[in-house]
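One structure below.
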Amino acid sequence: MKEKELRRSLAVLPIGTVMKLTDLTARQIRYYEEQGLVIPERNEGNRRMYSLNNIDKLLEVKDYLAEGINMAGIKQIYAERAQEEAKRQAKREKSLTDADVRRILHDEFVTVSGLSKQNQFSFRNNGL
DNA sequence: CTTCTTACA
DNA sequence: TGTAAGGA
């Protein structure tokens with residue numbers, strides 16, 4: 001499920017194709033870019049190149065606009081999503097940290113008590 | 001021919 | 001948002 005995401009992120013579509021796929025004018029597509037929504041890559045000739053994910057986002061923006069939401073509103077929606085994503089990532093990092101805490105605490109115990117893995121085994125055999 | 005930027009009777 | 005201009 002990752003090879004798929006990679007392909008969806010490949011910028012291979014020129015603006016002309018995007019216009020047909022989204023039914024948006026070049027003017028609109030470039031304007032949304034100015035507004036910070038859907039920034040395409042550029043090829044050697046400074047031409048905009050879009051990915052399938054870019055297409056999806058443009059269609060999404062188009063829908064919001066059709067629903068009567070203005071540029072400011074759409075920006076807010078994406079700003080909120082970005083903040084939520086940031087929090088999810090922060091929480092994930094915290095979980096990994098907690099897992100490491102056990103190992104760190106365990107190693108700390110072994111060091112302070114002067115017990116190596118091998119000696120711990122020996123103690124068990126001696127009824128400790 | 002397609003796309004780019006800039007500007008606006 | 002449309003469209004013209006001038007260049008790539």
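None of these values were measured; they are calculated from a predicted model. Throughout, a chain's letter reflects where its sequence line sits, starting with A, and its residues are numbered from 1. Every heavy atom of this structure was used, including side-chain atoms; hydrogens, water molecules and symmetry mates were not.
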Next item on the list: Return the value, rounded to whole Å, for the distance between atom CD of A:Glu44 and atom P of B:dT3.
Entry: 15 Å
Notebook entry, point to check: In terms of heavy-atom contacts, does CZ of A:Arg81 have more than 12 from other residues, nucleotides or ligands at under 6.0 Å?
Noted result: yes
Notebook entry, point to check: More 5' along DNA chain C: A:Arg47 or A:Leu65, using each one's nearest nucleotide?
Noted result: A:Leu65
Next item on the list: Using a 4.5 Å cut-off on heavy atoms from C-beta on, say whether the side chain of A:Tyr50 contacts that of A:Leu21.
Entry: no
Notebook entry, point to check: To the nearest Å, how far apart are A:Tyr31 OH and C:dT3 C1'?
Noted result: 17 Å
Check: Between A:Ile15 (CD1) and C:dA8 (C1'), how many Å, whole number?
Finding: 16 Å
Notebook entry, point to check: Given C:dT1, is OP1 or OP2 found less than 4.0 Å from the side-chain N or O atoms of A:Tyr32?
Noted result: yes
Check: Within a reach of under 6.0 Å around CD of A:Glu67, are more than 12 heavy atoms found that belong to other residues, nucleotides or ligands?
Finding: yes
Notebook entry, point to check: Between B:dT5, C:dG2, B:dT3, which one does the side chain of A:Gln28 approach most closely?
Noted result: C:dG2
Notebook entry, point to check: Who is the Watson-Crick or G-U wobble partner of B:dC1, with both distances under 3.5 Å?
Noted result: none
Check: Can you tell me if CZ on A:Arg42 sees more than 12 non-hydrogen neighbours from other groups inside 6.0 Å?
Finding: yes
Next item on the list: May I ask you to decide whether A:Arg7 forms a salt bridge with A:Glu3, counting only side-chain N to carboxylate O separations under 4.0 Å?
Entry: yes
Check: Nearest-Å distance, NZ (A:Lys62) to C1' (C:dT1)?
Finding: 15 Å
Check: Atom CD1 of A:Ile29 to atom P of C:dT1: distance rounded to whole Å?
Finding: 11 Å
Notebook entry, point to check: For A:Asn46 and C:dA8, what is the distance between atoms CG and C1' respectively, to the nearest whole Å?
Noted result: 9 Å
Check: In whole angstroms, how far is the P atom of B:dT3 from the CZ atom of A:Arg42?
Finding: 13 Å
Check: So what's B:dA7 paired with, Watson-Crick or G-U wobble, going by both distances under 3.5 Å?
Finding: C:dT3
Check: In whole angstrom, what separates A:Leu13's CG from B:dT3's P?
Finding: 11 Å
Note to self: Assuming nearest nucleotide by heavy-atom distance, tell me which of A:Arg27 and A:Pro14 is located more 5' along DNA chain B.
What the structure shows: A:Pro14
Note to self: Using the side-chain heavy atoms of A:Arg30, tell me which of these nucleotides is nearest: B:dT2, C:dT1, B:dC4.
What the structure shows: B:dC4
